[in-house]
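Notes to accompany the following structure.
What's counted below: heavy atoms across the whole structure, side chains too, no hydrogens, waters or symmetry copies. For this chain, numbers begin at 1 and follow the sequence in order.
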Amino acid sequence: QINTLSLSNVPAKWISIPLNLDKYLFINCKSSHCDMSTQLTGNTCYFQTYLFALLCKVGRPIITPNGRSIDLRNPDLLEKVTIRIARFLFTFFFDSQNQILRPLTNSNFVLDFFRYRSSPYFTAFAQYLKVKKVPVPDYDRQYEGVTKYYVFTKSLHGYDKFTLEGATSSTPNTKSLQYIHDSDGASQKLGRGNYYKYRAVNLMFGCNAGAMLGMSSFCEFNSWRKNQLLSFYDKVVRVVNDLAYKTCQAKLTKYRDYYFMPQFEVGQQELIDVHFYTYLIDMVSMGKAPNALTQIVHNVNSVLVQFIHFSTQHRNNYDKIMSLDQFMSAKKYKNFFAENFLSAEWFSNYIGLGFSEINPKEKDINSLTQTVFYDIDLMRSQAHRQEFAFEKECINQMARSNLRRFTPMFDDRQNASQKYDVAIKIGHGYTYSKYNTLMHFLNVVECYWQNPDVNNIQILGKDIRTLLVLSCQKIFFEPSHHGYYYYGPFLCRGSFRTEFDLAVASASGSASATVSHSSRNSHNNLVLTDRVYEYSYLKGIVERIFRGANGIRFKSDNAVLNLILLSLLLDFGLFDQYAKLLNIPFMKDLQHEADTRELQVEVANLIYNFDRKHTEDSVTRSKVEELIYEVSYKFFVNKNFPINSSQFRLIQMLNGDSDYQEYVLLCKIYMSLCQINKSIEVDYYKIRCNGQYHIIIPKNFSKMTSEYLEQVTVHHSFSETNGIMM
């Protein structure tokens, strides 16, 4: 290794040999032509290195046969080049002969220009040109030429508002699965239900603290875990397959009511399996799982351990990574990993630190190329220390940047014996509606199946919230259950105020399950607002309604009612059997009426066309999908609903036009199809131009850019000329 080579270990000695030169060429000494020149000031070593490179590149030195001197193959060419360099420096800013002007805007030019007179290199170059009998340009004319330009040009540059945030992160706008290499915005991509659109490039980068920052609730943390586990589903499918049935057989019910699934996910068996596995992770971590289920977690972690990087956790060499054999032989780390990996308990003890970007082609595995797990207590003590080793100093800097924001996400300890009080607060505003439940809707549909005049306004009213709750049911799996249970948001009482968990547009700030948080009052508080339905129970009701139709197509052509039924058929696996009974015009035009892939393309086109026609506001599919995700994992409450939240503003816009009821359902169906088909569509921007919103499909999509364009069009207007928006 030449960079770490020590000369004391090399069996050689230094000798000086002269240059065979009989004239001064600036690269050599003026008084002794056989010696190399030396730097004239204390901070010009780079220029001296440049001169040495010039000697090698132009002069082409060669050692004489006797090895006692150096000849130059091109001394005449070297002389011409050094003269040109000297003249170039004297006419750098203002060259009247070649009509070149380089008006630098640095204020030092005006303030310090005449300090050149005391510069040793100015004198050296001037004397060199005199020795070669070449006219020395008047350097003062440089100042006159540039300042004259300043006089006639009042404004050199114009600047708009800018921030020091660097380049805006973006990802390729493609239908294929995209691997995340950058931690910027990664928590939103990996933790918001985009299971088949975004995936961390490897397990450890997904655990990078920078990629996890931004998760503000348990549902996001759990979605992040499911996204991570889907990368290894093929390796552990035999272990986690049919885990919902195994959990019910083992009668493990502790806190299971908190771990319900959103309706748009239940159409994909992979998501059901990994969802129950995340529940099992937390139960094993709290010591509440039976041995048979605990062994499942151990078996999965025995696969995942091959893909992690773990520090030695020693102060003298914590920048080094344990080998797999070393890790498995350390019982303290091995046992804790087997019991707690990917649980809140694991991340309350270990933090993944690494650079914010990763190069997947990098073959060298070390603490600078990969994310590595470090003990949080060790990093707290090391974060503000200065280390001479570059690797340790980098790790300390990562800890300083991430620890303060990362640790609060997992500060709340999980307590398996924690209890909660249940209340129905009538008249307190915790619910927004007393009717229009899913059962009410299904009953009306069954009774008026052959009535062509029934419509969505009669059944649901005009409030978009009713439609959102109706189409975003919460689901659990236990066939022996009677059918449903009541659930709602948790009240988290802090020192000064009461906060909500599981409430739309509210976030607890904690990534762990609130239901098991240790509380000073020994009890947490649950307010009942809605039902959570058992999968088989709800599927049986939907199937009975369609089977009772006896093959007769639904008479009403109301799009909203038909799309609600289509959403239920897709999520509960009844689409192939009963799709032909729906009265939806675009489904009749499909080549195969029960083909979900053809249906996904058709729905995507309908959403796209809808956006092109509705140009009055900034509603986009991505915003509606985020709202659907929020409603699917949380409960709507009126009490203290944050009116400044993005969800409130979006609901206001959706309530402004009844056509958006159909649009919301199309987006919900599209999300279900993304899970069922394990595929996604492209994203787009919506920008106000010439008084209307236009759709732009970019090559690279950035959520930050989308939000910026929405904000800037509030105060500024764009116009289109020859296909260019300005």
Under 6.0 Å between the ring centres of [X] and [Y]?
X	Y	result
F410	F221	yes
F337	F327	yes
Y116	F113	yes
F47	Y121	yes
F341	F336	no
W224	F347	yes
F232	F307	yes

- Start with the C-alpha distance between R117 and D140, add both sets of side-chain angles, then the distance that settles salt bridge (Lys or Arg N to Asp or Glu O under 4.0 Å), and finish with yes or no. CA-CA 10 Å; R117 294 168 181 168; D140 287 350; 3.7 Å; yes
No-hydrogen, no-angle side-chain donor-acceptor test under 3.5 Å, [X] and [Y]:
X	Y	result
N366	D364	yes
S622	E626	no
Y195	S223	yes
Q178	R199	no

So which atom in [X] and which in [Y] form the shortest heavy-atom distance, rounded to 0.1 Å?
X	Y	answer
S69	N20	OG-ND2, 3.0 Å
Q188	N194	O-ND2, 3.9 Å
S367	E391	OG-CB, 4.0 Å
N202	F205	OD1-N, 2.7 Å
L403	P408	O-CD, 4.2 Å
K623	S618	NZ-O, 3.0 Å

- Query: After noting the C-alpha distance and the side-chain angles of L129 and I83, does the key distance pass the side-chain contact (heavy atoms from CB on, under 4.5 Å) rule?
  - Reply: CA-CA 7 Å; L129 291 178; I83 291 173; 4.1 Å; yes
- Message: Set out, in order, the CA-CA distance, both residues' side-chain angles and the distance that settles ring-ring contact (aromatic ring centres under 6.0 Å, His included) for Y374 and Y350, then state yes or no.
- Response: CA-CA 5 Å; Y374 299 91; Y350 296 101; 9.7 Å; no
- Query: After noting the C-alpha distance and the side-chain angles of Y196 and L230, does the key distance pass the side-chain contact (heavy atoms from CB on, under 4.5 Å) rule?
  - Reply: CA-CA 9 Å; Y196 299 103; L230 283 172; 4.1 Å; yes
Tell me, do [X] and [Y] make a side-chain contact under 4.5 Å, heavy atoms counted?
X	Y	result
V81	L54	yes
N349	I376	no
E357	S183	no
S187	M212	no
L190	I180	yes
V303	V300	no
F310	I321	no
M409	S216	no

Quick check against the 3.5 Å criterion: does [X] have a side-chain atom that pairs as donor or acceptor with the backbone of [Y]?
X	Y	value
E362	T369	no
T312	N317	yes
N28	L25	yes
N396	E387	no
R141	P137	no
Q326	S323	yes
R87	T82	no
D95	T91	no
R225	L342	yes
Q313	F373	yes

- Task: Identify the residue among F114, Y149, Y150 that makes a ring pair (Phe, Tyr, Trp, His ring centres under 6.0 Å) with Y143.
- Result: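 Single ring pair (Phe, Tyr, Trp, His ring centres under 6.0 Å) partner of Y143 among F114, Y149, Y150: F114.
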Let me confirm one number: the [atom1]-[atom2] distance from [X] to [Y], rounded to the nearest 0.5 Å.
X	Y	atom1	atom2	result
R60	D71	CZ	CG	13.0 Å
L78	K23	CG	NZ	9.0 Å
Q306	M328	CD	CE	9.0 Å
F125	K130	CZ	NZ	15.0 Å
L21	C34	CG	SG	7.0 Å
N402	T407	CG	OG1	10.5 Å

- Task: Tell me, yes or no, whether the heavy-atom count around R385 atom CZ, taken from other residues, nucleotides or ligands under 6.0 Å, exceeds 12.
- Result: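 Check fails, neighbour count at 12 or below.
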- Take atom OH in Y179; do more than 12 heavy atoms of anything else shown fall under 6.0 Å from it?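 Open.
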- Task: Go through the steps for E625 and R621 under the test salt bridge (Lys or Arg N to Asp or Glu O under 4.0 Å), then give the verdict.
- Result: CA-CA 6 Å; E625 287 178 355; R621 187 190 67 220; 3.3 Å; yes
- Task: May I have the step-by-step check of salt bridge (Lys or Arg N to Asp or Glu O under 4.0 Å) for D182 and K189, ending in yes or no?
- Result: CA-CA 11 Å; D182 189 348; K189 297 171 184 175; over 6 Å; no
- Message: So that I can tick it off, tell me whether K132 and E79 are bridged by a salt bridge, with the cut-off set at under 4.0 angstrom between side-chain N and carboxylate O.
- Response: yes
- Message: For L19 and H33: C-alpha separation, side-chain torsions, deciding distance, then whether side-chain contact (heavy atoms from CB on, under 4.5 Å) applies.
- Response: CA-CA 7 Å; L19 293 168; H33 301 329; over 6 Å; no
- Task: Compute both the distance and the angle, then confirm whether R102 meets the cation-pi test with F92: under 6.0 Å from the six-membered ring centre, within 45 degrees of the axis.
- Result: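 Relative to the ring axis of F92, which defines the angle, R102 lies inside both limits.
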- Item | Test side-chain contact (heavy atoms from CB on, under 4.5 Å) applied to R380 and D377, step by step | CA-CA 5 Å; R380 280 198 183 103; D377 292 332; 3.1 Å; yes
